[in-house]
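Written below as structure tokens is the structure these notes are about.
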Amino acid sequence: MRPFKEAIFYQIWPRSFKDSNQDGIGDLQGIISQLDYLQSLNIDYIWISPFYQSPQDDYGYDVSDYRNIDPSYGTMADFIQLVQEAKQRNIGIICDLVANHTSTQHAWFQEALNNPNSDKRDYYFFRPIKEGLPNNWISIFGGSAWTQVNEEDYALTLFTPTQADLNWDNPKVRQEIKDIMRFWLDLGIAGFRLDVFNTISKIDGLISKYPQKKGFQFADDYILNRPKGQQYLKALLQDLKQDYQFITIGEGMLIDQEAAAIMCGPEKNQLDMIIHFDLHMLGCGPLGKFDFRKGYLYSTKDFKNILHSWNKAAIKHHFHVASTMSNHDQPRAVSRFGDDHTYRFESAKALFAINFFNVGSPFIYQGEEIAMKNMKLPIEEWKDFEAKNTYQALQSMMKVPAFLAKKIIQKMSRDHARGVMQWNQSAHGGFSDVQPWFKVNDDYESINVENQNEDPHSVLSYVRQLTHLYHTIPAFTQGKHTESMLEHPHLIVMHKDDGKQRISCICNFSKKKMKYTLMEDEVVLLSNIDHHSLNQLQPYETLITLNTYS
Ligand code: NOJ
């Protein structure tokens, strides 16, 4: 299988990818049925969001049994078949390891609740109710981070109230996680995406309050990037890497470059690559994606500065970035960063080109390759806990009026990314023969895989051409990365040069025409519009060019 530094990754959120058994929920056999399609995208690895047994309060990120497949997704035999059939196509399967927390339905948690003498009590953070709320930490999804779980106890739940944080200071917990990883590695998987790995260690004693702040606070200083968590991770991976070869992709929640440099990079024995949040936080206020006070406004320059700063940091500190334009937690890329109305094709293709020129490995999120758009969801159809809970929290804790709270959620909701995959124009978008678990986006008759499959101008065809170039021109992955026109307000220009060839991405990331002249020896390899005119770039026009040194 291709080394991760040269690879293209594709993320599947299984519930919405493809339903094979007609129960309205995507499943593993559905993924198997689309392996030829995935291969046609020239991808190397598939990261699948969790499919383990789970009550689905956070759609699988609340695991109740790490060694079993949730019946809605299929069986272990299906999974083994998936790994084998993917391997036959030179595609590796990356599992999602959710090890910061378990579902409160997990046997460990249940035992801890039911037996006061059980060693599982120390797997979690329990605090007595009679002593009052232990601290003022806020959950990532709004409300207190402490949930009353029985008559006596609060448990720390940094995400939904049914996701209880694990106590990584307990060596038994670390051993359990290691055993779980071995279990999946023995089944032949290619690696793990580690869910919020930079919160696994909390400050000793969960100290009470932020000194000068009142009310509930996001406990970033106390839960993110803590050195002990880094040591635990290092020891865990060092040990496993003696027996297995596998890729680790860390989701760094709100991670900064300094922490990324510490946790990622070959000599660090920690992670192979890192997912950061900075691009997704563009135009948001300091409190995160639902902090609307900056109006979600940003310029191309702001967008470019984030790309540039991470590209520069990755080169300087030798870490590898998992470059994403969207995922299951973000709105659709073309709606968030592009123009999903007038320039949907152009801007979606431009985002792909940029993503493939960033330093790191490009990730494609299901549906991005056909430029699926945000959903238009009335409040009754919201599914995601984060959306529903933050809607309430914005009103009760931040005193935001309901109409504004609704607008904010509709702008940034994770539900946008979770609409079912639009395969064709038949009923339910070809995702299933029956009514899917979630609304099919209204536009499925025009936006779907089948429509774009044979159309040479489609986003899908562009993606196939781009991924093909990525794998055939060594400069893409071996070349020295540079950027030019950094001060230009609308043009994003990046280069990769391996001494034999120089490839460039020249992107007019705006709705206006821009002047630009190619060099004499520069040939256009791929364009996202039909007719390139000399000395001028059309709105969102993006050229991938090649100079060959003689
Ligand atoms: C990050 C995952 O991407 C998200 O979907 C999930 O809700 C949280 N971690 C909690 O597991």
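All values derive from a computational prediction rather than experimental measurement. The basis for the numbers below is simple: all heavy atoms, side chains too, and nothing from hydrogens, waters or symmetry mates.
No hydrogens or angles considered: a donor-acceptor pair under 3.5 Å links the side chains of Asn198 and Asn225. Judged purely by distance below 3.5 Å, without hydrogens or angles, the side chains of Gln422 and Asp443 pair a donor atom with an acceptor atom. Remark: the Asp165 side chain and the Asn100 side chain contain an N/O donor-acceptor pair separated by less than 3.5 Å. Residues Asp169 and Tyr232 bring a donor and an acceptor atom of their side chains to less than 3.5 Å of each other. Judged by distance alone, the side chains of Ser20 and Asp27 do bring a donor and an acceptor atom under 3.5 Å apart. Side chains of Tyr37 and Glu369: a donor-acceptor N/O pair is present below 3.5 angstrom, by distance only. Between the side chains of Asp57 and Thr160, no donor-acceptor pair is found at a separation under 3.5 Å. A donor and an acceptor atom, one from each side chain of Gln270 and Gln238, are nowhere located under 3.5 Å apart. If you check the side chains of Ser361 and His320, you find a donor sitting under 3.5 Å from an acceptor. Between the side chains of Ser432 and Asp19, at least one donor N or O sits under 3.5 Å from an acceptor N or O. Looking at Ser49 and Tyr61, their side chains do bring a donor and an acceptor atom within 3.5 Å of each other.
For Asp415 and Lys439, the salt-bridge test fails: no basic side-chain N is under 4.0 Å from an acidic carboxylate O. Under 4.0 Å is where a charged nitrogen must lie from a carboxylate oxygen, and between Lys241 and Asp239 no such pair does. Salt bridge Arg418/Asp329: present, at least one basic N to carboxylate O contact under 4.0 Å. Taking the charged nitrogens against the carboxylate oxygens, Lys373 and Asp340 have no contact shorter than 4.0 Å, which rules out a salt bridge.
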task = Verify side chain to side chain contact (heavy atoms under 4.5 Å, CB included) between Glu176 and Tyr66, making sure each step is shown before the conclusion.
result = CA-CA 10 Å; Glu176 300 266 19; Tyr66 288 93; over 6 Å; no
request  = Could you give me the CA-CA distance, side-chain angles and deciding distance for Ile46 and Ile94, then say whether side chain to side chain contact (heavy atoms under 4.5 Å, CB included) is met?
outcome  = CA-CA 6 Å; Ile46 305 171; Ile94 309 272; over 6 Å; no
request  = Go through the steps to decide whether Arg15 and Asp70 satisfy the test salt bridge (Lys or Arg N to Asp or Glu O under 4.0 Å), and finish with yes or no.
outcome  = CA-CA 11 Å; Arg15 197 173 182 83; Asp70 194 88; over 6 Å; no
message = One pair to check against ring pair (Phe, Tyr, Trp, His ring centres under 6.0 Å): Phe246 and Trp184. What are the steps and the verdict?
response = CA-CA 11 Å; Phe246 62 102; Trp184 291 98; over 10 Å; no
message = Does Trp108 form a ring pair (Phe, Tyr, Trp, His ring centres under 6.0 Å) with Tyr124? I'd like the steps, not just the answer.
response = CA-CA 9 Å; Trp108 302 333; Tyr124 299 93; 7.1 Å; no
task = Report the C-alpha distance between Glu251 and Arg193 in whole Å, list the side-chain angles of each, state the deciding distance to 0.1 Å, and finish with yes or no for salt bridge (Lys or Arg N to Asp or Glu O under 4.0 Å).
result = CA-CA 7 Å; Glu251 184 203 25; Arg193 175 262 190 192; 3.2 Å; yes
inquiry  = One pair to check against ring pair (Phe, Tyr, Trp, His ring centres under 6.0 Å): Phe197 and Trp168. What are the steps and the verdict?
reply    = CA-CA 11 Å; Phe197 76 91; Trp168 273 68; over 10 Å; no
inquiry  = Test ring pair (Phe, Tyr, Trp, His ring centres under 6.0 Å) on Tyr444 and Trp423; report intermediate values, then the result.
reply    = CA-CA 8 Å; Tyr444 74 91; Trp423 293 102; over 10 Å; no
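Among Arg293, Lys289, Lys294, the single residue meeting the salt bridge (charged side-chain N to carboxylate O under 4.0 Å, His left out) criterion with Asp291 is Arg293. Across Lys388, Arg414, Lys383, a single residue satisfies salt bridge (charged side-chain N to carboxylate O under 4.0 Å, His left out) together with Asp58, and that is Arg414.
Looking only at side-chain heavy atoms (C-beta outward), Leu224 and Thr199 come within less than 4.5 Å of each other. Here the side chains of Asp119 and Glu111 are in contact, with some heavy-atom distance below 4.5 Å. In this structure, Tyr365 and Phe9 have side chains that are not in contact, with every pair of non-hydrogen atoms separated by 4.5 Å or more. Side-chain contact between Phe363 and Trp47: present, with at least one pair of heavy atoms (C-beta onward) separated by less than 4.5 Å. Contact annotation: the side chain of Ile306 never approaches that of Met281 to less than 4.5 Å [non-hydrogen atoms, C-beta and beyond]. No side-chain heavy atom of His428 sits under 4.5 Å from any side-chain heavy atom of Val420. At a threshold of 4.5 Å between non-hydrogen side-chain atoms, the residues Thr324 and His280 count as touching. Taking the side chain as every heavy atom from C-beta outward, Leu28 and Ile69 approach each other to under 4.5 Å.
Distance alone, capped at 3.5 Å, is enough to place a donor-acceptor pair between the Ser54 side chain and the Gln56 backbone. Gln330 contributes no side-chain N or O that, together with a main-chain N or O of Met325, makes up a donor-acceptor pair within less than 3.5 Å. A donor-acceptor pair under 3.5 Å is absent between the side-chain atoms of Asn167 and the main chain of Tyr123, judged by distance alone. Side-chain atoms of Lys18 come within 3.5 Å of backbone atoms of Gly430 as a donor-acceptor pair (strictly under, hydrogens ignored). Under a 3.5 Å cut-off, the side chain of Ser335 and the backbone N or O of Asn374 do form a donor-acceptor pair. A distance-only check finds no donor-acceptor pair linking the side chain of Thr147 to the backbone of Val149 [under 3.5 Å]. Between the side chain of Asp153 and the backbone N or O of Ala155 there is no donor-acceptor pair closer than 3.5 Å. For the pair Asp78 (side chain) and Leu82 (backbone), a donor-acceptor distance under 3.5 Å is absent. In this structure a side-chain-to-backbone donor-acceptor pair under 3.5 Å is present from Arg344 to Ala371. A donor-acceptor pair is defined here as one N or O able to donate and one able to accept, closer than 3.5 Å; no such pair exists between the side chain of Ser139 and the backbone of Ser144.
For Gln22, the CD atom counts as densely surrounded, since its 6.0 Å shell holds more than 12 non-hydrogen atoms of other residues, nucleotides or ligands. Under a cut-off of 6.0 angstrom, the local environment of NZ in Lys406 is sparse, with at most 12 non-hydrogen atoms contributed by other residues, nucleotides or ligands. Lys376 NZ: 12 or fewer foreign heavy atoms inside a 6.0 Å radius. Within 6.0 Å of CD on Glu258 lie no more than 12 heavy atoms contributed by other residues, nucleotides or ligands.
For the pair Lys202 and Tyr222, the cation-pi test (distance below 6.0 Å, angle within 45°) is failed. Both the sub-6.0 Å distance and the 45° axial angle are not jointly satisfied by Arg127 relative to the ring of Tyr154. Taking the centre and axis of the six-membered ring of Phe126, the NZ or CZ atom of Arg121 falls inside the cone set by 45° and 6.0 Å.
The two residues Ser103 and Phe109 come nearest to each other via the heavy atoms O-CB, 4.0 Å.
Between Phe79 and Phe51, the gap from one ring centroid to the other is short of 6.0 Å. The aromatic ring centroids of Trp437 and Phe431 lie 6.0 Å or more from each other.
Rounded to the nearest 0.5 angstrom, Tyr296 OH and Met412 CE are separated by 5.5 Å. Between atom OH of residue Tyr10 and atom CD of residue Glu368 there is a gap of 9.0 Å, rounded to the nearest 0.5 Å. To the nearest 0.5 angstrom, Asn389 atom CG is 9.0 Å from Phe141 atom CZ.
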